[in-house]
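Contents: one structure, followed by commentary.
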2 protein chains.
Amino acid sequence: MTADPDGMNPVGGSPVDCLPAELLANPLFLLGRLGVAVKARAIEEFDRTGFGPYHYSVLALLEEGARETQASVADTLELDRGTLVGLLDDLEEHGLVERARDRNDRRRYVVGLTPAGRRQLVVFRAILERLEEEFLAPLDEADRAALLDRLSRIASHHDPRFSRPRL
Amino acid sequence: MTADPDGMNPVGGSPVDCLPAELLANPLFLLGRLGVAVKARAIEEFDRTGFGPYHYSVLALLEEGARETQASVADTLELDRGTLVGLLDDLEEHGLVERARDRNDRRRYVVGLTPAGRRQLVVFRAILERLEEEFLAPLDEADRAALLDRLSRIASHHDPRFSRPRL
DNA sequence: TATTGTTATACTCTATAACTATA
DNA sequence: TATAGTTATAGAGTATAACAATA
């Protein structure tokens, strides 16, 4: 199971089982690896609530801007409209959101948060805080702000919807 | 198609179609989003070569530490051993790597880079450089170093194999 | 019996596109 | 005809586990 059982590594060779320095020095490689890792961890954590990160993001969006139609929610979150149906079904089933027909256009549904939905949002936020503490443990507040700043600039450069509204 | 066709948004409401500020201020959310985005872009770019990012990482690993056995390559790269078989099949088929039986343990294969493999590595690196330029465009050199530093510290905190060997 | 490499299988996630009801 | 929501299908990517050869 050890990497060099017969001690035949070349003298001065790279540390056992370490990833290539070429990869470790590549910000894109780290970004990709860490990105999928956080996603996996988040799914894992949310799983115990019976929901997933997408359920949370839907609730978070609904809390900010009310009177959302399904299409706008899906587009904003870059979710497939078909996928969103399933998410809303889950949420509605647990009384966290409500769908109401739009009287002006009976094709549309107007989706809104319920009080239970707001309470669930608090639970989700607590999960995320714990997860952030775990994942960003080696970074102090200044580091986290610096990281967020760079990530935010990258994201908003490729997609204006990621621009943070100035306070 | 527009988000507010009837102009009924509350006064002072959040910008149209913008993601919730709660999400935009969350480093984990951005990390996850950007991470899957880079991965997707990388796959897309590598696709034109007939290979994928994993083929590249295998070649990069083989160039650094020679005489690798398949199990060690898979473990180091955190790849499924079954998946690695397919990757090596592809690479060997194009003459980029060679598999040779280990005489001391005939269950094992010793995998090594061929000259063609080294040349392909140059091509892959060029693709990655372009991709980094595109993806990290809004960041100057200092920003990129700062980003790499934080990502590197996070990664090595959770997995020692991500520690960069001191020069 | 345990391990290396291989192959086959199953499962998850997501993207595509057909379908309905309204407009 | 076009659009909102729904449903069903198919595909990629990945994980699980059975398998043959060797130790």
Side-chain angles (χ1 to χ4, degrees), chain A residues 1-6 32-33 35-37 39-44 46-47 51-55 57-58 67-93 97-112, chain B residues 1-6 32-33 35-44 46-47 50-55 57-58 67-93 97-112:
Chain A
M1 191 55 74
T2 54
D4 189 33
D6 40 12
R33 276 296 184 101
V36 307
K39 193 178 178 185
R41 281 290 295 125
I43 291 173
E44 201 173 23
F46 275 92
D47 213 39
F51 296 100
Y54 286 125
H55 293 102
S57 57
V58 170
R67 295 171 26 278
E68 300 279 0
T69 179
Q70 291 190 203
S72 72
V73 172
D75 291 349
T76 304
L77 260 26
E78 267 182 323
L79 285 172
D80 187 272
R81 295 189 184 187
T83 306
L84 181 64
V85 172
L87 294 172
L88 288 175
D89 286 347
D90 299 336
L91 294 169
E92 194 175 34
E93 203 173 316
V97 303
E98 279 175 343
R99 277 190 266 218
R101 283 278 182 200
D102 184 333
R103 284 188 199 77
N104 298 76
D105 185 343
R106 294 185 47 73
R107 291 172 303 182
R108 298 184 174 185
Y109 276 113
V110 178
V111 192
Chain B
M1 191 56 73
T2 54
D4 187 27
D6 41 14
R33 276 296 185 101
V36 307
V38 289
K39 194 179 177 185
R41 282 289 295 125
I43 290 172
E44 202 172 22
F46 275 92
D47 214 38
F51 296 100
Y54 286 125
H55 293 102
S57 56
V58 170
R67 293 172 27 279
E68 299 278 0
T69 180
Q70 289 190 205
S72 72
V73 172
D75 292 349
T76 304
L77 259 26
E78 265 180 327
L79 285 172
D80 187 271
R81 295 190 185 186
T83 307
L84 181 63
V85 172
L87 294 172
L88 289 175
D89 287 346
D90 300 335
L91 294 170
E92 194 175 34
E93 203 173 315
V97 302
E98 279 175 341
R99 277 191 268 218
R101 282 279 183 199
D102 183 335
R103 285 189 197 78
N104 298 76
D105 184 343
R106 293 188 46 75
R107 290 173 304 183
R108 297 184 174 186
Y109 276 112
V110 177
V111 191

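Bear in mind the structure is a predicted one, so any value in this text is a computation, not a measurement. Every chain is numbered from 1 and lettered A, B, ... according to where its sequence line falls, protein lines coming before strand lines.
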To the nearest angstrom, how far is [X] atom [atom1] from [N] atom [atom2]?
{"X": "Lys39(A)", "N": "dT12(C)", "atom1": "NZ", "atom2": "P", "answer": "15 Å"}
{"X": "Asp47(B)", "N": "dG13(D)", "atom1": "CG", "atom2": "C1'", "answer": "14 Å"}
{"X": "Gln70(A)", "N": "dT7(D)", "atom1": "CD", "atom2": "P", "answer": "11 Å"}
{"X": "Phe51(B)", "N": "dG13(D)", "atom1": "CZ", "atom2": "P", "answer": "15 Å"}
{"X": "Arg81(B)", "N": "dA2(C)", "atom1": "CZ", "atom2": "P", "answer": "15 Å"}
{"X": "Arg99(A)", "N": "dA4(D)", "atom1": "CZ", "atom2": "P", "answer": "16 Å"}
{"X": "Ile43(B)", "N": "dA15(C)", "atom1": "CD1", "atom2": "C1'", "answer": "15 Å"}
{"X": "Arg108(A)", "N": "dT3(D)", "atom1": "CZ", "atom2": "C1'", "answer": "9 Å"}

Quick one: are Leu84(B) and Tyr54(B) in side-chain contact, heavy atoms under 4.5 Å?
no
Considering only NZ, NE, NH1 and NH2 on the basic side and carboxylate oxygens on the acidic side, decide whether Arg107(A) and Asp102(A) come within less than 4.0 Å.
no
Establish, with yes or no, whether the OP1 or OP2 oxygen of dT3(D) is under 4.0 angstrom from a side-chain nitrogen or oxygen of Tyr109(A).
no
Quick check on dG5(D): is either OP1 or OP2 less than 4.0 Å from any side-chain nitrogen or oxygen of Thr69(A)?
yes
One should read off an interatomic distance between Asp89(B) CG and Arg99(B) CZ, to the nearest 0.5 angstrom, of 4.5 Å
CD of Glu68(A) to CG of Asp75(A), rounded to nearest 0.5 Å, is 10.5 Å
Against the side chain of Ala71(B), the closest entry in dT6(C), dT6(D), dG5(C) is dG5(C)
Do other residues, nucleotides or ligands put more than 12 heavy atoms under 6.0 Å from the CZ atom of Arg101(B)?
yes
At under 4.0 Å between heavy atoms, how does the protein contact nucleotides 16-23 of chain C? Give one character per nucleotide, 5' to 3', with B, S or -.
B-----BS
Which atom pair, heavy atoms only, marks the closest approach of Leu88(B) to Val97(B)?
O-CG2, 4.1 Å
Determine yes or no for a side-chain-to-main-chain donor-acceptor pair under 3.5 angstrom, with Thr76(A) supplying the side chain and Ser72(A) the backbone.
yes
